[in-house]
Amino acid sequence: MKKFILISWLLLLAASASFAQIADDAQPNFKPSIQTAIERQMATYPESTLQDIYKSFYQEHFGPGHIISDTASARRYLMRELSEMGKTQSPYFEPTGSQGDYVRVYLSAVANNLITAEQLLDAFVRSANSRQEPTVNWLEKWEAIVSIIQANKMEIEGFETDLPLLTEAARNNQAVHHSRRYNETYHPHYRIVERSIFEIELKPSLK
């Protein structure tokens, strides 16, 4: 009996080691994608704060947000934003987060007649209404993002001040706006579109 217990214990130990090795092997693939996304954000938008990084990964995690039942209201808001926005040097599109499951499609693409407002609105509404609830805990993902920033000693102005506020927001699955500094510098105007819809319906016109 003792021999059986000893053999079982050794097998369990070996299995645990195998799972640990799998996790270690997977981790390098996970970390650089997040790290690269943050580095890309800071290189493209140097005035970004931790709040803006949170927003990008949050949009990737949750998509456009709530179901849109009032399309007419969404259309009026889009048309008003188009009429009020000034000149912008924004790209036509960019991925959110590290995986790019959702894409920011900028209104500059409509202003420059590459796509129509109706095309963007339709893609945005369908992306919101087809969104699936995430299976991964947002707080855990946010803490992983923060740990990568800290481990790589990335310099982000206001990090220590913003961190506790954003972690509390993550605990409640709460969305945030862009930081004031980001808004004043970059004047972002975009809609969030699910990647497969974007790739098939919008991207061909934005190359």
Side-chain angles (χ1 to χ4, degrees), residues 29-48 51-136 138 141 145 148 175-179 182-183 185-207:
N29 295 325
F30 176 65
K31 286 186 176 181
S33 63
I34 291 178
Q35 181 181 337
T36 300
I38 296 170
E39 289 171 346
R40 181 185 66 223
Q41 165 108 14
M42 298 308 298
T44 308
Y45 305 105
E47 297 300 315
S48 294
Q51 184 171 323
D52 303 298
I53 292 170
Y54 178 105
K55 185 174 182 69
S56 180
F57 282 95
Y58 184 94
Q59 288 173 332
E60 175 188 61
H61 193 76
F62 289 103
H66 300 295
I67 290 174
I68 300 171
S69 56
D70 188 352
T71 305
S73 178
R75 180 182 290 105
R76 285 194 299 272
Y77 188 79
L78 173 61
M79 299 310 292
R80 183 168 67 248
E81 192 173 347
L82 275 165
S83 67
E84 293 175 353
M85 74 180 221
K87 289 186 177 180
T88 175
Q89 307 226 339
S90 67
Y92 291 134
F93 63 90
E94 64 189 6
T96 58
S98 58
Q99 304 301 314
D101 292 333
Y102 288 91
V103 179
R104 291 174 176 172
V105 181
Y106 283 82
L107 271 59
S108 55
V110 176
N112 290 339
N113 299 314
L114 298 179
I115 58 174
T116 67
E118 284 299 323
Q119 281 180 293
L120 179 56
L121 177 67
D122 180 64
F124 168 62
V125 170
R126 282 189 289 121
S127 297
N129 292 348
S130 64
R131 181 182 69 86
Q132 302 296 314
E133 285 299 320
T135 56
V136 178
W138 169 238
K141 185 171 181 178
I145 293 164
I148 289 169
V176 301
H177 296 292
H178 278 295
S179 66
Y182 189 100
N183 277 326
T185 306
Y186 305 114
H187 310 289
H189 299 277
Y190 57 78
R191 293 296 183 272
I192 300 295
V193 176
E194 192 272 329
R195 181 168 61 185
S196 63
I197 295 174
F198 168 77
E199 292 281 349
I200 295 169
E201 300 179 22
L202 302 181
K203 188 176 180 180
S205 300
L206 302 180
K207 288 183 178 179

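Not measured: the values here are computed from a predicted model. Computed from heavy atoms alone, side chains included, the values below leave out hydrogens, waters and symmetry copies.
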Pairwise side-chain contact, I38 with I145, heavy-atom cut-off 4.5 Å (strictly under): yes
Gap separating the OG1 atom of T71 from the CZ atom of R76, nearest 0.5 angstrom: 10.5 Å
Where E47 and D52 come nearest, the two heavy atoms and their spacing: O-OD2, 4.4 Å
Plane angle bin for Y54 and W138 - parallel if under 30°, tilted between 30 and 60°, otherwise perpendicular: perpendicular
Y186/S90 under side-chain contact (heavy atoms from CB on, under 4.5 Å): CA gap, chis, key distance, verdict: CA-CA 7 Å; Y186 305 114; S90 67; over 6 Å; no
Min side-chain heavy-atom separation Y92-N112 under 4.5 Å: yes
Residue pair E94, V103: steps toward the side-chain contact (heavy atoms from CB on, under 4.5 Å) verdict: CA-CA 6 Å; E94 64 189 6; V103 179; 6.0 Å; no
Donor-acceptor under 3.5 Å (R131 side chain, G65 main chain): yes
Heavy-atom donor-acceptor pair, Q132 side chain to S130 backbone, under 3.5 Å: yes
Heavy-atom pair of closest approach, residues S108 and P91: OG-O, 3.5 Å
L107 side chain near L78 side chain, heavy-atom distance below 4.5 Å: yes
Approximate separation, where rounding is to 0.5 Å, of R40 CZ and Y45 OH: 9.5 Å
Side-chain donor or acceptor of R195 paired with backbone N/O of Q99 under 3.5 Å: yes
Side chain H178, main chain K55, donor-acceptor under 3.5 Å: no
For S98 against F57, the heavy-atom pair lying closest together: N-CE2, 3.5 Å
Closest heavy-atom pair and its distance - I53, M42: CD1-SD, 4.1 Å
Any donor-acceptor N/O pair, Q51 side chain to H177 backbone, under 3.5 Å: yes
Derivation and outcome, side-chain contact (heavy atoms from CB on, under 4.5 Å), residues Y102 and F62: CA-CA 9 Å; Y102 288 91; F62 289 103; over 6 Å; no
Shortest non-hydrogen separation from L206 to A109 and the atoms involved: CD2-CB, 3.6 Å
Heavy-atom donor-acceptor pair, N129 side chain to I68 backbone, under 3.5 Å: yes
Whether E60 side chain and G100 backbone form a donor-acceptor pair below 3.5 Å: yes
Parallel, tilted or perpendicular: rings of Y106 and Y190 (30°, 60°): perpendicular
Side chain to side chain, K141 and P134, heavy atoms closer than 4.5 Å: no
Atom of A111, atom of L82 and distance for their closest heavy-atom approach: N-CD2, 4.4 Å
D101 and E194, any side-chain heavy atoms less than 4.5 Å apart: no
Side chain S56, main chain G97, donor-acceptor under 3.5 Å: yes
Exam field: side chain S127 to backbone V193, donor-acceptor pair closer than 3.5 Å: no
Straight-line distance of R191 CZ to D122 CG, nearest 0.5 Å: 14.0 Å
Interatomic spacing from CG in L202 to CD1 in I197 - rounded to 0.5 Å: 8.5 Å
Carboxylate-amine/guanidinium contact K203 E201, below 4.0 Å: no
